[in-house]
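Below: the structure, in structure tokens.
The chain is numbered in sequence order, starting from 1. Bear in mind the structure is a predicted one, so any value in this text is a computation, not a measurement.
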Amino acid sequence: MRPAFTIWICSLLLLGICSGAVADDLYLACHADVSLAAADIRDVFLNEKQFWNSIWLVPVDNLAAQPAFLEKVLKVNGITYETMWAKKSCRDGVNPPAAMANDAAVLAFIKRTPGGCGYLTIEPPVGVTVIGKY
């Protein structure tokens with residue numbers, strides 16, 4: 001009984017590790033009036049690009065998809081991202097992107113906020129601009 005129990009526990013641990021893995025698809029999306037290049041997303045989320053034409057860009061983090069976004073798009077880990085923002089906050093007096101809990105909250109934000117940009121693990125519906133897919 002003990003070896004079977006050990007295998008079961010190990011399986012659960014592996015399942016937990018795998019479920020925390022990076023999502024398969026990640027969509028970058030913005031408000032319908034914004035059409036950025038995928039290469040601009042890094043600058044938007046690090047406050048290096050603040051406008052598209054005359055529209056103020058408002059990035060928002062998706063806590064449910066943040067590990068995938070950081071790995072696939074920004075090419076950093078969570079600690080590095082937080083450190084970058086801590087330095088920017090102290091040095092430049094700017095705040096990091098607001099954080100939303102999940103895809104639904106981010107999508108609602110993007111739709112109602114001119115200049116809103118975020119990332120989703122679901123394919124965005126009509127009415128938002130898809131900037132890229134990773």
Side-chain angles (χ1 to χ4, degrees):
M1 241 312 175
R2 196 164 247 190
F5 181 74
T6 303
I7 291 171
W8 181 74
I9 292 294
C10 290
S11 298
L12 285 177
L13 289 172
L14 281 174
L15 182 61
I17 291 168
C18 292
S19 68
V22 176
D24 289 336
D25 291 328
L26 188 69
Y27 297 89
L28 305 176
C30 291
H31 188 271
D33 295 336
V34 176
S35 183
L36 292 168
D40 291 331
I41 291 296
R42 179 179 177 83
D43 291 341
V44 170
F45 276 85
L46 295 177
N47 199 48
E48 302 297 326
K49 182 175 183 77
Q50 299 168 348
F51 290 93
W52 180 79
N53 291 336
S54 62
I55 299 173
W56 182 264
L57 297 172
V58 187
V60 62
D61 278 320
N62 180 344
L63 294 177
Q66 191 176 45
F69 174 74
L70 295 178
E71 180 183 316
K72 293 179 175 184
V73 180
L74 297 188
K75 309 282 192 231
V76 299
N77 62 34
I79 294 170
T80 302
Y81 186 62
E82 289 177 20
T83 301
M84 292 164 80
W85 270 107
K87 289 178 182 177
K88 285 181 173 292
S89 294
C90 291
R91 182 184 64 229
D92 302 333
V94 294
N95 293 321
M100 302 282 171
N102 54 36
D103 290 335
V106 171
L107 187 56
F109 178 85
I110 291 169
K111 285 182 170 182
R112 76 172 179 266
T113 307
C117 294
Y119 46 93
L120 308 157
T121 59
I122 58 170
E123 187 169 354
V126 174
V128 299
T129 303
V130 177
I131 304 301
K133 178 182 175 185
Y134 289 83

Do the side chain of [X] and the main chain of [Y] share a donor and acceptor less than 3.5 angstrom apart?
X	Y	answer
N62	A64	yes
T121	L26	no
K72	D24	yes

Any link between [X] and [Y] through a network of hydrophobic side chains (Ile, Leu, Val, Met, Phe, Trp, Tyr) touching at under 4.5 Å?
X	Y	value
V128	M100	yes
V73	V130	no
V58	V60	yes

With F69, the ring pair (Phe, Tyr, Trp, His ring centres under 6.0 Å) member among Y134, F45, Y27: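 Single pass found, and it is F45.
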
Measuring from atom [atom1] of [X] to atom [atom2] of [Y], what distance do you get when rounded to the nearest 0.5 angstrom?
X	Y	atom1	atom2	answer
L46	Y81	CG	OH	6.5 Å
D43	L36	CG	CG	10.0 Å
C117	I131	SG	CD1	6.0 Å

Determine whether R42 and L74 satisfy the following criterion, side-chain contact (heavy atoms from CB on, under 4.5 Å), listing intermediate values before the conclusion. CA-CA 6 Å; R42 179 179 177 83; L74 297 188; 3.7 Å; yes

Using the side-chain contact (heavy atoms from CB on, under 4.5 Å) rule, take W85 and N95 through it: C-alpha gap first, then chi angles, then the decisive distance, then the call. CA-CA 7 Å; W85 270 107; N95 293 321; 5.7 Å; no

Answer whether the closest heavy-atom distance between the side chains of L120 and D103 falls below 4.5 Å.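 Side chain of L120 against side chain of D103, heavy atoms only: contact under 4.5 Å found.
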
Could you tabulate the donor-acceptor pairs under 3.5 Å formed by side-chain atoms of residues 48-57, not counting sequence neighbours?
unit_1 : atom_1 : unit_2 : atom_2 : d
E48    : OE2    : K88    : NZ     : 2.4
Q50    : NE2    : N47    : OD1    : 3.3
W52    : NE1    : S35    : O      : 3.1

Expected list for residues 106-114: side-chain donor-acceptor pairs under 3.5 angstrom, two or more places apart:
unit_1 : atom_1 : unit_2 : atom_2 : d
T113   : OG1    : F109   : O      : 2.8

